[in-house]
Amino acid sequence: MAPRSKKQKKNPPIVPSSEKPDSKRQVRLILGTLLLLVGAFVSFSIISYLFTWQSDQDQLLSAKSNWDFLGDKESLITNWGGRLGALTAHILVYRYVGIMALAISLWVSMLGIYLVYDKKVFRLARYLRWVCLLLLIAAPLLTFLLPGSAFSWGGAWGNESVNFMNGLIGKMGTGLILFSILALTVFIVFSLDIRPALRKARSKAAEMRGNLTEALVNNAAAKSDTSGESHPVIVPEPEPMPAAPENAVHFNGSVNDRFAHAGKEQAFAFSLSEKEPEATIPHEMQSPENAAQYLTEEPEADPFESEPETEEPETAEEELPSEEPESAELPEIISEEPVQEFSFEVKQAEPEKVKEVPASGHISIQSNEPYAPELDLPNYKFPTLDLLEDRAQEVISLDKDELEKNKTQIISTLRSFGIEIQRISATVGPTVTLYEIVPAEGVRISKIRNLEDDIALNLAALGIRIIAPIPGRGTIGIEVPNANKQIVSMRALLSSDKFVNNKMSLPIALGKKIDNENYIVDLATMPHLLMAGATGQGKSVGINAVLVSLLYKKHPSQLKFVMVDPKKVELSIYKTIEKHFLAKLPNEEDAIITDTKKVINTLNALCIEMDNRYELLKEAGTRNIKEYNEKFISRRLNPEKGHKYLPFIVLVVDEFADLIMTAGKEVEMPIARLAQLARAVGIHLIVATQRPSVNVITGTIKANFPARIAFKVSAKVDSRTILDAGGAEQLVGRGDMLISHGSELLRLQCAFVDTPEVEKIVSFIGDQRGYSSAFELPEYIGDETGSSTKTLDITNRDELFEECARMIVQTQSGSTSALQRRLNLGYNRAGRIMDQIEAAGIVGPAVGSKPREVYVKTEAELDAYL
Ligand SMILES: Nc1ncnc2c1ncn2[C@@H]1O[C@H](COP(=O)(O)OP(=O)(O)OP(=O)(O)O)[C@@H](O)[C@H]1O
């Protein structure tokens, strides 16, 4: 057959690879593997880019060059393909052809597979045509259809071509042209499919014609029968199947019709034979078997098939339906054209696949892998215990003489006031020893309580505290400071089982109780901490103990600190861990806030963060941060709807009195609001002050800080201000403290951690790879302070603010994506500038994906405004 010989010319028989020169095969194999890997990597990176572009784009665009970006070890890239993946996807998608770049990478993978297998697994030439067509048409179409989208669906090509066409023929014209091209393409593609359908329709018409003829003939015969006359019946040509082979090739449906109806519907066969008079193989079509054989050979003659497949005849033979002329599978089976059409459908399905893969890969809902926030910094190492001093040797042995002396003195003192006791026992703590007495029957406790000062005077010791009675013990306690005080080792606390193996959200090792039990509590349940005490009594050490505990237990992705240090020296040591653990306002230089004005903005930003978090919790149907994060980790929340893993935020204010003195209500109000509400959303406060007066620790503050720590204070009234009870004035200093938590009042010796140790810990953390910048708090644009706040905002504006505002006024389109494209800005920066432009009243609020309304109509108006 002519077509067969043509094919043989086109595709010489495949030489088994073993017969080929080895080196050639090896080169193909290596090249194929390389292409396959490159294609897979680029596809993977592009899919990832769909989800990670927002966070990576700023860094990509701010890098001086691509090489700089690739070499920047500090940059924190979220693309699954790392820096190279992010850059490749960015170039292909953003700078060139948009999401259609995926078609290129898939094609490269196919080419790789082809080279590796050494045979035509895919129809590469045809697919290449498709890729080109997609790149040309789909990119502008996507840009046209998604005009306000921040994501560059059509890439630079899509944007430029649509912009050009918009300018040239307007939006309507662009739409018309694009859709016409689309319709034309679809028509060209589908025209291959229309012909079998047309053929089928024709054959149906012919069949009907045949039936009609037959009916007429029968009718005529019946009439002649009734009239008694006998006329010869003229029936159209009786040849069963006069179809031409070309016909069989191009119009398979009708061919099958033909052999299915062969012998039954002569008129049908006849009608076809009329159209294809040069029929040469009608006999081959007489049986389905023959027809199958015949048909399987036909594709080779298909003039539309540029790359006939060697495997296809087998498939055709397997799938050939024997009787069903209208089988939907028929085109696939017997002709190349339908295969071509089918492959088109597959290609259409490819973008769907792309949609699915990211959905499962990124959007939590479909992935089974729990989300791990630690993967932000997978190589982060927690500080080691050897960074802390080993103070185990400093444990002071119990002085029996001292104990005996104190016991005798207590008994004789009480006796001198007419108080007899039944029993006395002692518990030796790190700083004080607790003597517990059981008074003789009939002794009134109030009598002992009233004698507190006299007993202390008689014992001639500083720091005596009488607890009458000890709640829940039925005894009266007398705390007497030890002559030799023991330093509570932070290292011992942090290595204790209670600290290492607890399930607390924010465990803090505060110190040791009198009975030497480690006091480790969960800051999340406290939920805020107020620390007060006279200067030099151990407040800073206390804050360091809390911060160090958290640093030893939490990963940077789980915890952020907002540090306020009006004294400028206490917390500055933590600057080293800015990129790991600190949070700050956008565009703010220092993460440790020392300026009162900035403190107000920061506190208000925290309130915004709190409100935002409440919104997220509400949307997620959760009641607190724990439930929310659990839901997020188990991938039941969609990050595309703004859900994200929420780290705990701990606000540390070192000198609260100073802030209240300078800013008063402006500071007190947000602090009170945060203290009241922020607990559920994981924002906790640690506020310290050395002036525990009532105008600093106001009723509002006190009411919202159930956990309060008092170091030694100078007067009983201060102790009452802090704890609502006396006792803090009796403390001995150097970390000796009272903690009031709920109804409990406990005496603790604070764990000691020295500044050099903290320095070692923070530099251990700071030396590791961190985030690209500190955790960003929401921007706060003050409005209560009127013009002064506005002036402050102007100074904080992005340097491209004016340029962007001008561009928006010129184009009269408040589109963030346009800012991104034209000024080569990252998503976040463009969004921030747009917010500033909105705050300046130049554009209106965001309305879905549409551009914002522009309020300023002319440049002159804008100049006047600026
Ligand atoms: N827990 C402790 N164990 C042992 N010594 C301590 C402890 N806490 C504090 N000290 C001693 O007390 C000194 C002063 O402590 P710290 O600097 O914490 O006081 P402060 O209350 O912060 O003072 P200021 O308000 O003036 O900064 C420390 O240098 C240390 O020697």
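Computed from a predicted structure; not experimentally measured. The analysis underlying the following values was restricted to heavy atoms, covering all of them including side chains, and did not include hydrogens, waters or symmetry mates. Read the numbers this way: they start at 1 and go in the same order the structure lists the ligands and their atoms.
Neither side chain, Ser714 nor Glu729, offers a donor N or O lying under 3.5 Å from an acceptor on the other.
Sorted by chain then number, the residues whose non-hydrogen atoms approach ligand 1 to under 4.0 Å are Ala534, Thr535, Gly536, Gln537, Gly538, Lys539, Ser540, Val541, Lys567, Glu570, Gln690, Arg734, Gly735, Gln749, Cys750, Ala751, Phe752.
The distance from the OH atom of Tyr552 to the CG atom of Leu388 is 3.5 Å, given to the nearest 0.5 Å. For the atom pair Met490 CE and Ile761 CD1, the distance stands at 8.0 Å (nearest 0.5 Å).
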Quick one, Lys485 with Asp736, criterion salt bridge (charged side-chain N to carboxylate O under 4.0 Å, His left out). Give me CA distance, side-chain angles, the key distance, then yes/no.
CA-CA 10 Å; Lys485 293 168 191 76; Asp736 188 16; over 6 Å; no
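Contact annotation: the side chain of Leu651 approaches that of Val564 to within less than 4.5 Å [non-hydrogen atoms, C-beta and beyond]. Using a 4.5 Å heavy-atom cutoff, the side chains of Gln558 and Lys553 are not in contact.
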